[in-house]
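Below you'll find the structure, written out as structure tokens, and then a few comments.
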Amino acid sequence: MELEFWGTRGTCPVSGRKTAGCGGNTACASLAVSPEELIIIDAGTGLRNLGRKLKESSRTERLEIHLLLTHFHLDHVWGLPFFEPLYSDRTVVTFYADEEPEETERLLASLMSRRLFPLEFSELRSRRRFKTLPAGRMHLGGVDVSYQPLTHPQGSVAYRLDGRHGSIVFATDTEHPLKGADEALIGFSRGAEHFVCDSTYTPEEYEDGRRGWGHSTWEAGVKLAEAAGVKNLLLSHHNPDHDDRAVGGIVRRARRRFPRTQAAREGLKLRI
Ligand SMILES: [Zn+2]
Ligand SMILES: [Zn+2]
């Protein structure tokens, strides 16, 4: 199975030549577990392109989607109204979040409330279900899915996907303790093949008034990758103010400490 990134930008989408390498869309990744079943992590603006691809390539009668939300900040949900499969009656979507189902539905529906969007959420033709993340592991189409709460304003969660050929941990939108790293997240990420971390700030930017904003640096990502014994580190949730050159510089700094580091970018595929 391959996990594909559709958006790796944090906070706000960007456009233009200078950010085309990583891409300008916000958080979204997908894992096709079969021709008619898909796991999606986050519904940032990258979700729109995924929806277009699914419309072009899908030949099945039914499309089953498990949409795992890390949290409800705009950069993680704003692609939803523009996700074409939501408008099709052959799509069944189950939304998972660390929240009561009614509240998840209310928050997502508010993105399409009148005056903000021409259609209401309730008018979409797809079937939609809302579930609170279970305490233990979920088994979705041959993939074990688990989650871990993170330190972030209004909360967020990390996801771990364990497949047949490896595992991946998504831990964007989190802030680590000033000394050391998040011990619970280290345990959660132990031995993962791929670790996707929050690289919003350089250490210098972080120290310049960004403490308590709920985001991290490549340095915190390296510490965590080393402590958890992960194989590959992927820097993600790129700052909208960091163009490709800046991200390249951040990757080079991180590689001196953790050689198997790369920047997450739109179109990148990882096998799990
Ligand atoms: Zn974010
Ligand atoms: Zn956030």
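The model shown is predicted, which means the values in this text are computed figures rather than measured ones. Whatever order the structure lists ligands and atoms in, that order sets their numbers, starting from 1.
Between the side chains of Asp42 and Thr70, a donor-acceptor pair is found at a separation under 3.5 Å.
A side-chain donor-acceptor contact under 3.5 Å links Arg128 to the backbone of Ser126.
For the pair OD2 of Asp75 and NE2 of His76, the angle whose vertex sits at the Zn ion (ligand 1) is 100° to 10 degrees. The angle subtended at the Zn ion (ligand 1) by OD2 of Asp173 and NE2 of His237 is 90°, given to the nearest 10°.
Taking the six-membered ring where tryptophan is involved, the planes of Phe82 and Phe117 are perpendicular, since the angle between them exceeds 60° and thus also 30°.
For residue His152, an N/O/S atom approaches the Zn ion (ligand 2) to within less than 2.8 Å.
Between Tyr147 and Asp98 the shortest heavy-atom distance is OH-OD1, 3.9 Å.
His73 contributes ND1 as its N, O or S atom closest to the Zn ion (ligand 2).
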